[in-house]
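What follows is a set of notes on a single structure, which appears directly below.
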Amino acid sequence: MLQKRYDKTIEEKWQKYWAGNSIYNFDENDTEKEIYSIDTPPPFTSGELHMGHVLSYSFFDFAARYKRMKGYNVYYPQGWDTQGFPTEVRVEKKYGRLPPVQFREKCIEWTRDMIERMKSQMNEMGFSPDWRYEYRTMDPEYHRKVQLSLVRMYNDKLIYMDKYPVYWSPELGSAVAKAELEDMEKDGTIWDIRFTGPEGEDLIIATTRPEMLHACGAVLYHPDDERYSHLQGKTIKTPFGDEVKAIADKEVDKEFGSGLVMVCTFGDKMDVVWMHRHRLPLKQVIDYHGKMINSGEINGLKVEEAKKKIIEILGERVVASKPLKQMIKIHDRSQKPVELLPSLQWFADIKTTGKRIKELAHQIKWVPDFGISYLIDWVEGAEWDWVISRQRVFGTPLPFYVCECGKTAPAEESELPFYPENAKEKKCECGNAMKAETSTCDCWVDSSISPLIIAGWPDEEKMKRFYPASLRPQGVEIVRTWAFYTIYRSGVALTGRAPFETILLNGNVLAPDGKKMSKSIGNIISPAELLKEYPVDAIRQWAAMSGAMAKDRPFSYEDIKYSKSFLTKVWNATKFVEGLGNAEKTGLTMIDRWIIGRLNTTIKDVSRAMDAYEYHKAISRIQSFFWGEFCDYYVEYVKHRVYEEKDPTRNAALYTLNRVILNTMKIIAPIAPHMAEEIHSIYSTESIHKQKWPEAGEEYPEDVEKVAELNIIVSQLRQYKSNNKMAQNAQLEKVTITTPEKIDPELLNELSRISKITEIENNEGELKVTVG
RNA sequence: GGGCCCGUAGUCGAUCGGUUAAGACGUUCGCCUUACACGCGAAAGAUGCGCGGUUCGAUUCCGCGCGGGCCCACCA
């Protein structure tokens, strides 16, 4: 017997049962069934699942559960993206500064803890990965494979070390990738500063970065700018007396400031371009901690302090200052400004491989299809190679050796996993000893081989079975990182084949007001809080209702409330049917055939929606069928039959009621697995998640059409009773119904019992219902 | 500046060229009708952003405009 109300205790019960009974195990030995594999996103191990996780993870959990029922051998591993700056920050806060090896140990310990927390939250959400295939990017075995991939890429000349200006975060003390940057609007100041021209005349230059004056390598003007054409080939003096060349360049904006621009190494990205174009000297004035160097009196000051100080020093050479809204680059995780600094870093070649990346991207099915444009745009806009090295501790060590002479060498495959503190001695061709590289990898280097990791790379036999993955689900905001780097590394660089067949993109969950959820606004909705008030299956339905489009959507309390009501509705309907009992299939009435026809159409529609990853369509189809057709009409229609023990059609009704419920549970099982399992347990001792997805059978178009007409008539009679303040079960003496064709006698008889009519007159004509 | 997405009742949203434009939330009215008041029945509420075009016919297709959103580039 089902308990009175559907609640959390039921969900907990089944979660325990599933965990103890290996319901979701991938079958290694089964070579018959087609494999459906999911390259799931390894979440960063922050310790907390957020709504974005819930949305995205629900989608591929739906896919996994659906495909299992469709007869696939579903391979659904789950990993963890463990290494990163946020963990270092938190561990350092807790334990202080430690030597690298111990520090790493503490990070691992910390991360293990975070994983346990997140794992239990994932189990609470009813997600169904096969935990036997869990992986962590911090594991030595994972390191080994990342390093192996890098060594191979190095040998293929895709990885190199070079001195190049890179975005550098003084906060992190590390290079950061272009993809990790965000723009931030800042209220800045632009100063007009007096330089001295060749004739001793004043030249005004506008700048937002006066602290970089010592790095000034040239002053540029537009070739068509008559005000400055006389500067051609001349020398200009900076306020500090440094002599720099005046150069014409067509990318200078005549309208901005005075039309003169000073090039510093490096105030912004344009400076990098100009420096290379005009072969200007490189003068570094900011060090890796964000402090001034090579700048006389302001040495040692931080950038912001240096700015104030230099304005003081310049005194009357500053002729004006104006406020200016400017966009500066900040690092996405630390939210602190980055600088462009020349530095020795490791790069992966993405410029010459761009064409191949696009080719493989085109071989993948993108859902929704426009998602690919994010990647194509990104590839086409790529201006320099991917900086893969980070100056961090908790990360995968780069498996390389570096010599002072500038030569580099990869670690031997046999010495992997490679850790610099245990590295072998290695001699350079030049005769000197090489040093083990101590930088670590960008986290995307780790996660961009997830399809290889789950496919058992480099084992050829396993790769044949598991590569490419069937599905890559991920957030649309990381197309230009995770999807891009994965297609590049797993695809172009290491296998030559697209790493997954389909990529499913989901958007972000916004706060109910449509704004980004953020701690500072305090509009965050957390899964943990929702779980206090809503059953898991309601939250999962909310996810389904939010749609799989790569579109941001505000969180909707309406949707989740509706989901909860729907669970209650199903629960009550099922309890009602359970109380009546079940029966074998016997002579079905038209009404029975109608609802079975509708059920089958629903199964067909839902299957199609599930195949297309359109969970929004799937769930709303189920909801409207079950609530709007089955409960509101069919159940009401058969009440008179099931209340009457001797009614000859009673068993047909019981059969039909149970059939609809059982099949509805099967098609909702991927989305609401707990409720479906509980209700299924009335019928079977086996798990519903081990059942076959129902086939859409007979759709009885004739009966469906006739009963649809009947529904309209019933609805009109309900309306009549409502308008006349009558109870719905009030008896009507006489009703005249005009229909285009005469109503089937069987239905006419049904109608008199359903709507409680003593006498019905049925005429042919335009549809009309009259009482009295 | 470039690319992509979008503009349908108070709100959220279906429709993939064809009679009175789903549904949900909210609002209003009536009902504790032997599954469910976490419910049932009913009502009101939309010139489908604007202007052109294609078509026998457009909310749906195309163009332009206006208005949102996201991404990229630029920002001295």
Side-chain angles (χ1 to χ4, degrees), chain A residues 2 4-6 178 183 185 188 190-191 193 205-210 212 216 219-221 251-253 256-264 267-271 273-274 324-329 368-383 476-477 479-480 507-508 510 512 514 538 545-547 549-554 556-559 561-580 616-617 620-621 623-624 627-628 631-632 635-636 639 642-643 657 714-730 756:
Chain A
L2 296 180
K4 189 150 196 313
R5 291 221 179 275
Y6 180 77
K178 213 177 127 197
D183 290 328
E185 196 179 59
I190 185 159
W191 288 273
I193 294 173
I205 288 176
T207 180
T208 56
R209 304 215 58 178
M212 297 197 79
C216 179
V219 168
L220 270 49
Y221 60 93
E251 280 192 70
V252 175
D253 183 351
F256 194 95
S258 60
L260 285 176
V261 51
M262 69 168 183
V263 180
C264 303
D268 61 40
K269 216 190 87 188
M270 208 52 222
D271 286 343
V273 174
W274 280 326
L324 179 77
K325 287 232 187 271
Q326 56 178 347
M327 287 304 215
I328 57 165
K329 296 275 183 210
D369 56 5
F370 62 81
I372 194 173
S373 61
Y374 292 110
L375 183 118
I376 301 295
D377 286 356
W378 180 248
V379 176
E380 288 176 352
E383 282 172 16
V476 68
E477 75 283 2
V479 165
R480 66 175 209 249
N508 277 314
L510 305 175
M545 290 166 82
S546 292
M549 292 291 285
K551 222 171 111 179
D552 290 353
R553 253 193 76 133
S556 161
Y557 278 106
E558 285 77 28
D559 283 357
K561 278 183 196 153
Y562 182 78
S563 303
K564 191 180 169 182
S565 313
F566 183 67
L567 293 177
T568 307
K569 187 72 188 178
V570 173
W571 195 252
N572 287 323
T574 307
K575 277 196 344 179
F576 173 61
V577 173
E578 187 193 23
L580 297 168
H616 170 80
K617 270 190 196 163
S620 51
R621 196 65 193 78
Q623 289 166 343
S624 67
W627 200 328
C631 290
D632 289 350
V635 173
E636 295 303 322
K639 274 182 177 169
V642 297
Y643 286 148
L657 286 165
V714 169
S715 175
Q716 293 198 4
L717 288 164
R718 283 172 175 173
Q719 195 175 331
Y720 173 84
K721 289 180 179 177
S722 179
N723 290 345
N724 290 281
K725 310 208 180 222
M726 294 166 79
Q728 287 300 324
N729 61 351
K756 311 239 173 196

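In what follows, chains are A, B, ... by sequence order, proteins preceding strands, each numbered from 1. The analysis underlying the following values was restricted to heavy atoms, covering all of them including side chains, and did not include hydrogens, waters or symmetry mates.
Here the OH atom belonging to A:Y557 is positioned 12.5 Å from the NZ atom belonging to A:K564, to the nearest 0.5 angstrom. Taken from CD1 in A:I328 to OG1 in A:T208, the straight-line distance is 10.0 Å, to the nearest 0.5 Å.
A:K639 comes within 4.0 angstrom of a nucleotide base, judged by non-hydrogen atoms across all strands. Across all strands, A:R553 comes closer than 4.0 Å only to sugar-phosphate atoms, never to a base (heavy-atom distances). In this structure, A:F370 reaches the sugar-phosphate backbone alone: every heavy-atom distance under 4.0 Å involves primed, P, OP1 or OP2 atoms, never a base. If you check every strand for non-hydrogen atoms under 4.0 Å, A:S556 touches nothing. Using a 4.0 Å heavy-atom cutoff across all strands shown, A:K575 reaches no nucleic acid atom at all. Using a 4.0 Å heavy-atom distance criterion, A:D552 is classed as making no nucleic acid contact. The residue A:S715 sits close only to the backbone: its heavy atoms come under 4.0 Å of sugar-phosphate atoms, none of a base. In this structure, A:Q623 reaches neither bases nor backbone, as no heavy-atom distance under 4.0 Å exists between it and the strands shown. Within 4.0 Å (heavy atoms only), A:V476 reaches no atom of the nucleic acid at all. Within the nucleic acid shown, A:A206 comes within 4.0 Å of sugar-phosphate atoms alone, with no base atom in reach, counting heavy atoms only. A:C264 comes within 4.0 angstrom of nothing in the nucleic acid, heavy atoms only.
Between the C1' atom of B:C36 and the CG atom of A:L567 lies a distance of 13 Å, rounded to the nearest Å. In this entry the distance linking OH of A:Y374 with P of B:G69 reads 14 Å, nearest Å. When the P atom of B:A76 is taken as reference, atom CE of A:M270 falls 11 Å away, rounded to whole Å. The CG atom of A:L375 sits 14 Å away from the C1' atom of B:G3 (whole-angstrom rounding). Put simply, CD on A:Q719 is 7 Å from P on B:A42, counting in whole angstrom units. Summarising the geometry, the separation between NZ on A:K551 and P on B:C12 is reported as 11 Å, rounded to the nearest angstrom. Counting to the nearest Å, the C1' atom of B:C70 and the CZ atom of A:R480 are 11 Å from each other. Between the C1' atom of B:A43 and the CD atom of A:Q716 lies a distance of 15 Å, rounded to the nearest Å.
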- Query: Please walk me through it: do A:D559 and A:R553 pass salt bridge (charged side-chain N to carboxylate O under 4.0 Å, His left out)?
  - Reply: CA-CA 12 Å; A:D559 283 357; A:R553 253 193 76 133; 3.3 Å; yes

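Rounded to a whole angstrom, the distance from the C1' atom of B:C56 to that of B:C12 is 36 Å. Remark: the separation of the P atoms in B:C62 and B:U20 is 25 Å, to the nearest Å. Nucleotides B:U59 and B:A9 are separated by 15 Å at their P atoms, to the nearest Å. Using atom C1' as the reference point in both B:G52 and B:G13, the two lie 28 Å apart (nearest Å). Remark: the separation of the P atoms in B:G50 and B:A37 is 45 Å, to the nearest Å. B:C40 sits 32 Å from B:G48 when the P atoms are compared, rounded to a whole Å. When the P atom is used for both B:C29 and B:A44, the distance is 15 Å, rounded to whole Å. The same atom, P, is picked in B:G17 and in B:C38; the two are 43 Å apart, to the nearest Å.
The main-chain N or O of A:L2 is found under 3.5 Å from a side-chain atom of A:E578 such that the two form a donor-acceptor pair. A:W571 contributes a side-chain N or O that, together with a main-chain N or O of A:K4, makes up a donor-acceptor pair within less than 3.5 Å. Looking at A:D268, its side chain does come within 3.5 Å of a backbone N or O of A:M270 through a donor-acceptor pair. The backbone N or O of A:K721 lies less than 3.5 Å from no partner atom in the side chain of A:Q728, so there is not a single donor-acceptor pair. Without hydrogens or angle criteria, A:N508 side chain to A:D552 main chain gives no donor-acceptor distance under 3.5 Å.
With hydrogens and angles ignored, a donor-acceptor pair under 3.5 angstrom links the side chain of A:T568 to the base of B:C38.
Figure legend. B:U55 is base-paired to no nucleotide; pairs are counted as Watson-Crick or G-U wobble with both atom distances under 3.5 Å. The nucleotide B:G50 finds its pairing partner in B:C64, both defining distances of the Watson-Crick or G-U wobble pair being shorter than 3.5 Å. Base pairing analysis places B:C70 opposite B:G3; the two distances defining the Watson-Crick or G-U wobble pair are each below 3.5 Å. Nucleotide B:A37 is matched to nothing when pairs are restricted to Watson-Crick or G-U wobble geometry with both distances under 3.5 angstrom. Look at B:A43: its Watson-Crick or wobble partner, with both distances under 3.5 angstrom, is B:U27.
A distance cut-off of 5.5 Å between ring centres, combined with a plane angle under 30°, places A:Y643 in a stacking arrangement with the base of B:U34.
For A:Y562, the ring pair (Phe, Tyr, Trp, His ring centres under 6.0 Å) criterion is met by A:W627, not counting sequence neighbours. For A:R621, the salt bridge (Lys or Arg N to Asp or Glu O under 4.0 Å) partners are A:D605, not counting sequence neighbours.
Of the candidates B:A14, B:A42, B:C38, B:A14 carries the atom nearest the A:H616 side chain, counting heavy atoms from C-beta on. Side chain of A:C631, nearest nucleotide from B:A76, B:U33, B:A35: B:A35. Taking only side-chain atoms of A:D632, from C-beta outward, the nucleotide of B:C72, B:C75, B:C40 with the closest atom is B:C40.
OP1 or OP2 of B:C40 lies within a sub-4.0 Å distance of a side-chain N or O belonging to A:K569. In this model, the phosphate group of B:C38 is not approached by any side-chain N or O of A:R5 to a distance below 4.0 Å at OP1 or OP2. A sub-4.0 Å separation between OP1 or OP2 of B:C75 and a side-chain N or O of A:T208 is absent.
Both A:K617 and A:I190 sit near RNA chain B, but only A:K617 has its closest nucleotide nearer the 5' end. Residue-to-nucleotide proximity on RNA chain B shows that, of A:T574 and A:G259, the 5′-proximal contact is made by A:T574.
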- Item | Contact letters for nucleotides 20-32 of chain B, in which S counts primed atoms plus P, OP1 and OP2 and B counts the base, heavy atoms under 4.0 Å | ----SS----S--

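The number of heavy atoms from other shown groups lying within 6.0 Å of NZ (A:K617) does not exceed 12.
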